[in-house]
Amino acid sequence: MRRGEHLYAGKAKSVYTTDDPDHLILHFRNDTSAFDGEKTAQLERKGMVNNKFNAFIMQKLEAGGVKTHFERVLSDDESVVKCLDMIPVECVVRNVAAGSICKRLGVHEGIDLDPPTFEFFLKDDARHDPMINEYHIRAFGWASQEEIDEMIAATFRVNELLTRLFADGEMILVDFKLEFGRFHGEILLGDEFTPDGCRIWDAHTREKLDKDRFRRDLGGVVEAYEEVAHRLGVSLG
Ligand code: TMP
Ligand code: ASP
């Protein structure tokens, strides 16, 4: 399968058509960004690491009963996925307080959240991804109640599966963001699952092993992603 037309460039991935209208190629670039695209950089090996990391996680999720768009790895930094009609909302689950919830609610980073919280954000960088709720999603026609219920259930299922997977590698899955889309009448997990879109801490030292290293200028960004991959058993080749 070969890249066709360049459809769209996100902040860290580009999307291409293929010869099959049901499939797309995702190209994981070395670009990284934070604060809705305000801060950017190029990080060597990041595209390859994230492509392989994402493939590993998507396969684990499929094995755990979560339907995803993932088809197969095509090259070091490209994968074939199903072409979804994306729902423009981000689903965030938090097991531990960090990031925007700390600013919003004035709570300290590191507090355990029991039960884990669920939040929706609108995918809109220009408006800094505002927090929304189910009523906004229905009122503006972004998704139906049935689709909302499916996204919430799938996101909690992902949390169950991945909390365990990361714990086995002596890591804490602090929080993460998922995006879903429609494919022939079904809701599938789309986009990616990589350390760009989640927070992962070492279980003992609580060292940050995710994109917060870039956001906070801690250094060793790709090295941390590689450490997480290594602990999970992701083969980076
Ligand atoms: P937040 O603390 O900034 O709200 O983010 C929660 C988690 O979701 C964190 O792991 C980062 C991820 N996330 C994204 O990757 N992209 C986004 O646009 C948002 C809102 C969150
Ligand atoms: N909003 C996310 C962040 O702060 C994604 C991004 O801006 O790249 O990292």
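Residue numbers run from 1 in the order of the sequence given. Each ligand, and each atom within it, is numbered from 1 in the order the structure gives.
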Under 3.5 Å: N/O of D175 near N/O of ligand 1: yes
Using a strict threshold of under 4.0 Å (side-chain N to carboxylate O), is an ion pair present between E62 and K67? no
NZ/NE/NH1/NH2 to OD/OE distance under 4.0 Å, D191 and K177: yes
For ligand 1, does D196 get within less than 4.0 Å through its side chain, its backbone, both, or neither, judged by non-hydrogen atoms? backbone
With no hydrogens and no angle check, is any side-chain donor or acceptor of H23 less than 3.5 Å from a backbone partner on D20? no
D196/K211 ion pair, N-O < 4.0 Å: no
Would you indicate which of S33, C198, G197 comes nearest to atom 15 (O) of ligand 1 when only heavy atoms are counted? G197
Is there a nitrogen or oxygen of D129 sitting under 3.5 Å from a nitrogen or oxygen of ligand 1? yes
Can you find a non-hydrogen atom of D125 under 4.0 Å from ligand 1? no
Side chains of S33 and R215: any donor to acceptor distance under 3.5 Å? no
Contact between ligand 1 and C102 is defined here as a heavy atom of the residue under 4.0 Å from a ligand atom; is it met? no
Heteroatom proximity flag, R199 to ligand 1, N/O under 3.5 Å: yes
